[in-house]
There are 2 protein chains.
Amino acid sequence: MNTLSYGLLSLLSHTADSGYDLMLKIQPFWPAKHSQIYPLLAQLESGGYVRHTLVVQTDKPDKKVYSITDKGLNALRNWLTLPTDEPVTRDELVLKVFCMEQGDPADIRRMLEMRLAYCRDQLQWLQTKMDAYTKLNPSPSFGILLLMEKGQFAIKADLQWAEWALARLDEREAAPGSSRADEA
Amino acid sequence: MNTLSYGLLSLLSHTADSGYDLMLKIQPFWPAKHSQIYPLLAQLESGGYVRHTLVVQTDKPDKKVYSITDKGLNALRNWLTLPTDEPVTRDELVLKVFCMEQGDPADIRRMLEMRLAYCRDQLQWLQTKMDAYTKLNPSPSFGILLLMEKGQFAIKADLQWAEWALARLDEREAAPGSSRADEA
DNA sequence: CCGGCCATGTAAGAAGTTACATGATTCA
DNA sequence: TGAATCATGTAACTTCTTACATGGCCGG
């Protein structure tokens with residue numbers, strides 16, 4: 001039972017879902033490909049944590065809809081009491097920023113602008129999700145509200161940093177000479 | 001040449017360093033164990049991107065100090081022009097929050113308090129690093145300044161979210177009944 | 001004297017990605 | 001007609017973690 005397994009159980013504790021949909025839904029929280037999800041679900045099923053029923057569809061391929069079992073729920077509850085791993089962020093951008101003096105300033109600028117655009121996209125996507133969710137739901141899940149808020153906090157921080165960094169780049173380019181220019 | 005390889009080259013573009021020190025320094029940016037770093041450095045050396053000299057020490061074990069070559073610098077510069085992968089954050093906490101209705105509210109509270117403490121630690125650690133760096137350095141690297149700021153933005157966002165979440169938990173516990181309590 | 005730090009490495013295993021494989025429907 | 005979505009699966013590979021292995025120095 002690894003973290004991704006618990007992630008799947010966590011999703012299934014809200015609603016039964018196909019492997020495909022689980023794969024899509026877990027992306028914002030714990031990115032994983034279908035090639036990782038499908039075998040894991042089979043494993044969880046053989047362990048008795050989930051069970052599936054085949055749902056036949058005419059317009060689309062048939063699907064396996066998984067639901068969590070009592071054993072799965074118990075495992076989930078126990079997991080909640082265990083200590084939580086520290087978060088890990090892997091961002092290629094920070095490695096690039098670290099050695100940015102080696103490259104063309106125009107490349108750095110482009111990099112930061114790309115990040116800015118990415119953040120705006122993410123923020124808008126989240127906003128849409130939040131609107132849709134709160135409209136469709138009379139008394140929403142407290143956990144989901146917390147998460148959507150968490151996502152917003154994180155994206156906004158990244159966005160604000162990118163803006164701040166670009167502003168500092170502008171300052172730099174406006175001022176002639178190197179960082180020792182203020183020694184006048 | 002994977003991202004970690006470029007990360008090592010990025011660090012080495014500032015100062016020559018031992019595998020051990022590189023391992024320690026890269027943790028905040030791209031966590032990796034020594035068992036991954038050492039073979040990679042050997043590989044980078046056989047590819048001509050870095051070279052090492054043996055530094056004999058009396059009080060401590062001898063070490064291999066790696067420095068970047070021209071070929072390494074060129075590879076680094078080229079990498080800076082390439083498109084940057086999107087950042088990935090994996091945080092077990094979000095998976096737990098998603099299904100928190102399944103568990104004891106006291107567990108959730110403990111979880112959030114742990115996160116809060118972790119964030120405060122991280123923030124203090126960063127502050128210390130920033131102070132030390134800016135004091136020791138007359139004209140600091142622009143890249144490093146940007147990064148330290150980025151770290152602060154991210155940690156503060158996480159911290160503020162945790163505080164906000166705990167406040168909401170308090171509200172919940174103060175109000176009797178469920179979310180339908182406001183239907184009075 | 002025991003645990004932690006320094007310092008390097010290998011081996012085995014788990015986790016994650018990319019590619020291979022299939023096939024119907026829908027939209028431009 | 002060609003690409004995207006839905007839907008499931010396996011195989012090969014890369015990446016990352018844990019464990020094995022060694023050994024001196026230092027502080028409590």
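Order of the sequence lines fixes the chain letters, A, B, ..., with proteins taken first and strands second; residue numbering starts at 1 for each chain. No experiment lies behind these values; they were computed from the predicted model shown.
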Let me know the distance between [atom1] of [X] and [atom2] of [N], rounded to the nearest Å.
X	N	atom1	atom2	answer
A:Gln43	D:dG9	CD	P	14 Å
B:Leu22	C:dA7	CG	P	12 Å
A:Asp62	C:dT22	CG	P	19 Å
A:Leu40	C:dA14	CG	P	13 Å
A:Met23	D:dT5	CE	P	11 Å
B:Leu24	C:dA7	CG	C1'	11 Å
B:His52	C:dA7	NE2	C1'	13 Å
A:Leu54	D:dG9	CG	C1'	14 Å

Quick check for you: among [options], whose closest atom lies nearest to any side-chain atom of [X]?
X	options	answer
A:Lys63	C:dA15, D:dT8, C:dG9	D:dT8
B:Arg90	C:dG9, C:dT17, D:dC16	C:dT17
A:Lys60	C:dC6, D:dG9, D:dA7	D:dA7
B:Lys64	D:dA7, D:dT15, C:dT8	C:dT8

5' priority, DNA chain C, between A:Thr58 and A:His34 [closest heavy atom]: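 Closer to the 5' end of DNA chain C: A:His34.
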Upstream residue (5' side of DNA chain C) when A:Leu4 and A:Pro61 are each assigned their closest nucleotide: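 Its nucleotide being nearer the 5' end, the pick is A:Leu4.
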Short N-O contact, B:Asp107 and B:Lys96, less than 4.0 angstrom: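 The answer is no: the pair does not qualify as a salt bridge.
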Lys/Arg N to Asp/Glu carboxylate O, A:Asp91 vs B:Lys150, below 4.0 Å: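 Answer for the salt bridge query: yes.
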Measuring to OP1 and OP2 of [N], would you say a side-chain N or O of [X] lies under 4.0 angstrom away?
X	N	answer
A:Gln36	C:dG16	yes
B:Tyr20	C:dC6	yes
B:Trp30	D:dC16	yes
A:Gln57	D:dC6	no

Check against salt bridge (charged side-chain N to carboxylate O under 4.0 Å, His left out), A:Arg168 and B:Glu149: CA-CA 12 Å; A:Arg168 295 229 118 215; B:Glu149 208 64 33; over 6 Å; no
Sugar-phosphate only, base, or nothing, as touched by A:Ser35 at under 4.0 Å among non-hydrogen atoms: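 The residue A:Ser35 makes base contact.
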Sugar-phosphate only, base, or nothing, as touched by A:Lys33 at under 4.0 Å among non-hydrogen atoms: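 Base contact.
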Cation over ring face, B:Arg51 and B:Tyr66, 6.0 Å, 45°: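 That pair does not qualify as a cation-pi contact.
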Residues A:Tyr118, A:Gln122; criterion side chain to side chain contact (heavy atoms under 4.5 Å, CB included); working and verdict: CA-CA 6 Å; A:Tyr118 172 78; A:Gln122 290 286 106; 3.8 Å; yes
Donor-acceptor pair present, A:Ser18 side chain and D:dT8 base, under 3.5 Å: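 Such a pair does not exist between side chain and base.
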Exercise: identify the closest heavy-atom pair between A:Lys33 and A:Met23: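 Shortest heavy-atom contact: C-CG, 4.1 Å.
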